[in-house]
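Protein chains get the first letters and strands the later ones, always in sequence-line order, with residue 1 at the start of each.
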There are 2 protein chains.
Amino acid sequence: MLTDRQRMILNAIVDDYIRSAEPVGSRSISKRSDVGFSPATIRNEMSDLEELGFLEQPHTSAGRVPSIKGYRYYVDHLIQLGGASPTEMTKFRSYFAERMTEREQILQQAANILANMTNYTSIALGPESINHSLKHFQLVPLNAETAVAIVVTSTGHVENRMISLPPGVSVTDLEKTVNILNAKLAGIPMMRVTSKLYSEIGDELSRYVDHYEQVLSMLDHALPVVDEHEHRVFLGGATNMLTQPEFKDVDKVKTILDLLEETPTLSKMLSSTQSGIQVRIGTENKHAAINDCSVITATYAVNGQSLGTIGILGPTRMDYAKVIGLLDVVSRDMAALLSRWYV
Amino acid sequence: MLTDRQRMILNAIVDDYIRSAEPVGSRSISKRSDVGFSPATIRNEMSDLEELGFLEQPHTSAGRVPSIKGYRYYVDHLIQLGGASPTEMTKFRSYFAERMTEREQILQQAANILANMTNYTSIALGPESINHSLKHFQLVPLNAETAVAIVVTSTGHVENRMISLPPGVSVTDLEKTVNILNAKLAGIPMMRVTSKLYSEIGDELSRYVDHYEQVLSMLDHALPVVDEHEHRVFLGGATNMLTQPEFKDVDKVKTILDLLEETPTLSKMLSSTQSGIQVRIGTENKHAAINDCSVITATYAVNGQSLGTIGILGPTRMDYAKVIGLLDVVSRDMAALLSRWYV
DNA sequence: GATTAGCACTCGACGACAATGAGTGCTAAC
DNA sequence: GTTAGCACTCATTGTCGTCGAGTGCTAATC
């Protein structure tokens, strides 16, 4: 569809624009050492590329800027990944080297590192709890009326909630209840725990425990609600958005930052069935607030099972090559670190 | 020090400026129904107030703006609190009505509500763990090599970390260890848990458990590090900063938002020994980044014991009366909600 | 036929300049 | 002590001309 020369010129324009954030003129392309054509020739080609929809002109007497379609072509056909640079790699690995004891820490750390190294905003989606199963249940009474209910999943995820103890239930009854739950529910997927509670545990409880209705309702409150799209969301470098010249307008940046605070929206936006690295450019994003941003996401997986997503949000004029290379490395390293939890 | 008329005029200027964000001229003050003087008289008084340091002039032919000293005088002597309006109160209470099962939820919710109702940024510091004591310790093995260690404090706070199990330690040994820990450490302040571990638990372990050195080192990793200044920090409405006309400059707002992301700094900034409501205006704040912001904080307490702080960050031109009234109510309500955990 | 030099043209950015008007300080009258 | 009147200041706004980067087109060149 495009001639070699057109591809070369498009590539040069995108590269230039990514670096400078200024519309690219024919002269500056012509001056590049690897281009042997005069400005006039470049102009003709640029005119053609604009007609084909790969370039845009902010106004008549300005240079050209890549269009969404132009970026798309660049990402799909022209980009030279070249892998993450070794210095970057070691820098990144050293950040990641500290021993991390909590999974949340790993995700937050990954988000921070990515934001730091790219100067864009990064988003990390934690593993969804939907596939986990229950490993252990525990009640820790704090006083006569309240207790903490703790649920540990097969993946080492710990949830805790505060509950009111039903009056008149003895400590031994509570212990029995916990034992029954662990015996009956261990290994059951979190999704089905609540239904199992009523279908099977109820009968069992009624046999051994007084006031079993109240105990059952207490347990209902004690167990976490599993939402299909519930991801924990970690942000890194949200304010990096402010350093991009295209977002020097406060109102524009506000709509973006507001979007970043809506974790459910982010969660939906990033979660994807498709594995590997995915690039969404400008209006390819569904949310109007980021129609002049691009989002690059990578899923991370352990044992072939996709656990979550990390992504970078930046202007459409983002350094795709660098970000893609980095995300590739980071997602692998994250998976490696997380594999501890998912053996 | 100030005449009644000067106080009245200062009050009018501060009120006006808080509403309009524009320098206040003598004419607009004179027009107010409760002021019976001509612009010329007001001008003379304004000139005096400026000489005394309560007002400032952005440039010769502009109106006056309150200085830090002016705001300070306003807050200390002129402000009319009038309590939170009933409609606001019910609105706020209805937000807060949902049953909340996690303490983190309460703090985050409080921060969100405050930000929403004020259009400023709010910061909530969670209860410090320094005063808590250990309630319950638990090890949940996930597989042969790893386990989740869970610590519940007397206040229902749950911490969990991932640890590697030392090879060669049997399940029964782990169980014994957990039992010993609970027997010996329950009720001990979290601060002293680690030292107790070595001074007392070590001997005990060596009597009942094989490989007790490895087990001890594992426990050391399993117990959370208690930092004196460790607060959990919850932010609400960070982007509200962007709606304030004084922060339409992107660079200025970036330094503020960056500060908001440094949780340790925030924690230090807000934590205060002084109980009740505290107002820090402009340069009274130590951090240069917020030298044209004001911070209003309120501590919340249960049974006379201060648990944490909630605060509002806004421009020096903030609606002090409204914010102080609101913080007063919110801090009380939060304390009431949290009292469940601290009986 | 492809490439390029030459040139007129477009249009945003920038600085100079005047007009506007909100607000002041001072003086003299009330 | 208060106020009307007035000259003065200065940020803001709008207009205008200049500048220059960049284009599109035409004709000459390879």
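Applying the 4.0 Å criterion to OP1 and OP2 of D:dG24, one finds that A:Arg64 has a side-chain N or O inside that range. Side-chain N/O atoms of B:Thr41 include one lying less than 4.0 angstrom from OP1 or OP2 on D:dT3. Note on B:Arg43: every side-chain N or O is 4.0 Å or more away from OP1 and OP2 of C:dC26. Remark: B:Ser61 is not in phosphate contact with D:dC8, judged by side-chain N or O atoms under 4.0 Å from OP1 or OP2. Residue A:Thr60 has no polar side-chain atom (N or O) positioned under 4.0 Å from OP1 or OP2 of D:dG24.
Atom CZ of B:Arg5 is separated from atom P of D:dT3 by 8 Å (rounded to the nearest Å). Here the C1' atom of nucleotide C:dG23 and the NZ atom of B:Lys31 are 12 Å apart, to the nearest Å. Counting to the nearest Å, the P atom of C:dT3 and the CZ atom of A:Phe37 are 6 Å from each other. Atom CG in A:Asn44 sits about 9 Å away from atom P in C:dT3, given to the nearest Å. To the nearest angstrom, C1' of D:dC25 lies 14 Å from CG of A:Asp48. Between B:Asp16 atom CG and C:dA22 atom C1' there is a gap of 15 Å when expressed in whole angstrom units. Rounding to whole angstrom units, NE2 of residue A:His59 and C1' of D:dG20 are separated by 11 Å. Atom CD1 in A:Ile42 sits about 17 Å away from atom P in D:dC25, given to the nearest Å.
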Run the numbers on A:Phe234 and A:Ser122 for side-chain contact (heavy atoms from CB on, under 4.5 Å), then give the verdict. CA-CA 8 Å; A:Phe234 301 86; A:Ser122 77; over 6 Å; no

What verdict does the salt bridge (Lys or Arg N to Asp or Glu O under 4.0 Å) test give for B:Glu45 and B:Arg5, after you've listed the backbone C-alpha separation in whole Å, the side-chain angles of each residue and the deciding distance to 0.1 Å? CA-CA 8 Å; B:Glu45 293 286 30; B:Arg5 193 166 69 185; 2.7 Å; yes

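The side chain of B:Glu50 lies closest to C:dG25 when the candidates are C:dT24, D:dT3, C:dG25. Taking the side chain of B:Gln57 as heavy atoms from C-beta on, and the options C:dT4, C:dG25, D:dT2, the nearest nucleotide is C:dG25. Of the candidates D:dT3, C:dT4, D:dT23, the closest approach to any side-chain atom of A:Met46 belongs to D:dT23.
Looking at B:Arg19 and B:Asp16, a side-chain N of the basic residue comes within less than 4.0 Å of a carboxylate O on the acidic one, giving a salt bridge.
In this structure, B:Tyr74 has its ring center at least 6.0 angstrom away from the ring center of B:Phe54.
The residue among A:Ser47 and B:Glu45 whose nearest nucleotide of DNA chain D is located toward the 5' end is B:Glu45.
Nearest approach of A:Ser267 to A:Val233, heavy atoms of both residues: CB-CG2, 4.4 Å.
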